[in-house]
Amino acid sequence: MNATGIGAAVRRKEDFRFVTGNGQYTDDVTRPGVTRAVFVRSPHAHAKVRGIDISVARKMPGVAAVLTGAELSGDKIGNLICGWMIHSKDGSPMKMAPHPALASGTVNYVGDAVAW
Amino acid sequence: MPAVSMTVNGKSVAGDVEARTLLVQFLRENLRLTGTHVGCDTSQCGACVVHVDGIAAKSCTLLALQCEGAKITTIEGLAEPNGPLHPMQEAFREHHGLQCGFCTPGMIMSALDIVRRHGHELDERTIREQLDGNLCRCTGYHNIVKAIGAGARAMVKSGAPRQAAE
């Protein structure tokens, strides 16, 4: 293997900060007056959401907002988008099931977000 | 709130914390030492490993108050700022023992503890067994194992202490 040519090991530029603990991952970033978000997620793999009582959470000190699927659909915020739509052999677009950012009506997996 | 004081990377630090505050929260939020990561919060991933009085510990599983008076070393404390890297850090860099880097601080701190307990001549099997408390999700174990073996040997040459807290 040539020391400088093809096949030579090349050091990555970013490794110095990672091995010294100076990476800046999202959780490492703090800004003045930062607001934090917490998600309430489904403990069930497939279930109907009969109701979400957010009245107590809304009244808690320091809470800026509590949102559920109802607020999202009320504001006409639609589906999480599919990053790569494909087509069937006959040219028709693939069928995409609804996948709102916050579940409304039905949760489809453990961890499906229901409130924010 | 109870007061706590300890030595972190050679500096005396103190703060008021809730009794439930974890060591990793104290390090990251109070001291802004964000090199120590929280990957799982459940003692599985090892991204939060630091040295407490020279022994590797998962800082998500210790209360800050338990570390009253302790000497803590984090990834930020291994090398002097602007100084040369610790041989183990250098080995990770040299052997491509990281991709995204999230698990790396914990890997390096655990690696040093493996050297402390098993010496500088480590075979692959020992390294792999001893590393079972650290998860890498880039699946970079092969190069991590190589890096630890090389780093352990390089520490002899450089005379780096086997315990970072020393």
Side-chain angles (χ1 to χ4, degrees), chain A residues 1-45 56-57 59-66 80 83-84 101-103 107 109-116, chain B residues 8-9 24-25 27-39 41 47-50 73-109 111-112 136 138 140 143-144 146-147 151 164:
Chain A
M1 211 193 295
N2 191 310
T4 53
I6 293 166
V10 178
R11 280 182 167 187
R12 303 199 310 163
K13 283 181 179 174
E14 60 271 46
D15 282 358
F16 184 84
R17 65 177 191 265
F18 291 148
V19 299
T20 53
N22 288 302
Q24 278 285 302
Y25 298 86
T26 313
D27 197 26
D28 300 339
V29 176
T30 304
R31 292 281 176 265
V34 68
T35 303
R36 293 175 192 278
V38 177
F39 291 88
V40 179
R41 296 176 181 281
S42 167
H44 304 295
V56 177
K59 280 187 208 135
M60 290 179 81
V63 172
V66 183
L80 291 172
W84 194 342
L102 295 174
V107 288
Y109 55 93
V110 172
D112 206 352
V114 294
W116 175 92
Chain B
V8 178
N9 300 334
V24 70
Q25 293 174 309
L27 295 171
R28 289 179 53 85
E29 294 168 22
N30 293 53
L31 307 181
R32 298 298 304 148
L33 291 171
T34 54
T36 302
H37 296 148
V38 180
D41 235 352
C48 67
V49 171
V50 300
T73 306
T74 71
I75 188 72
E76 290 94 340
L78 282 190
E80 297 290 326
N82 308 317
L85 290 175
H86 184 283
M88 191 60 81
Q89 291 172 311
E90 191 63 56
F92 269 71
R93 192 185 185 195
E94 196 61 41
H95 292 268
H96 297 272
L98 61 145
Q99 289 180 44
C100 85
F102 192 84
C103 72
T104 310
M107 288 285 179
I108 291 174
M109 300 313 279
L112 294 175
C136 166
C138 304
N143 283 356
I144 290 170
K146 275 206 297 192

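These values consider heavy atoms only, across backbone and side chains, with no hydrogens, waters or symmetry-generated copies. Chain identifiers are assigned alphabetically (A, B, ...) following the order of the sequence lines, protein sequences preceding nucleic acid strands; residue numbering begins at 1 within each chain.
In this structure, OG1 on Thr34(B) lies 10.0 Å from OH on Tyr25(A), to the nearest 0.5 angstrom. Note that the CD atom of Glu29(B) and the CG atom of Asp27(A) stand 8.0 Å from one another [nearest 0.5 Å]. With rounding to the nearest 0.5 Å, the separation of CG in Asp15(A) from CD in Glu94(B) is 10.0 Å.
In this structure, the portions of Arg93(B) lying under 4.5 Å from any heavy atom of chain A include both its backbone and its side chain. Residue contact with chain A, scored on non-hydrogen atoms closer than 4.5 Å, involves the backbone and the side chain of Leu98(B) alike. Residue Glu14(A): no heavy atom, backbone or side chain, is found under 4.5 Å from chain B. For Glu90(B), the part lying near chain A is the side chain, with the backbone staying farther off; criterion is any non-hydrogen pair under 4.5 Å.
The side chain to side chain contact (heavy atoms under 4.5 Å, CB included) test with Val19(A) singles out one residue from Leu78(B), Leu85(B), Ile75(B), and that residue is Leu85(B).
Within 6.0 Å of atom OH in Tyr109(A), more than 12 heavy atoms from other residues, nucleotides or ligands are found, so the atom counts as buried in its surroundings. Atom CD of Glu80(B) is surrounded by 12 or fewer heavy atoms from other residues, nucleotides or ligands within 6.0 Å.
Ion pairing of Asp28(A) with Arg28(B) is present here, as a side-chain N (NZ or NE/NH1/NH2) and a carboxylate O approach within less than 4.0 Å.
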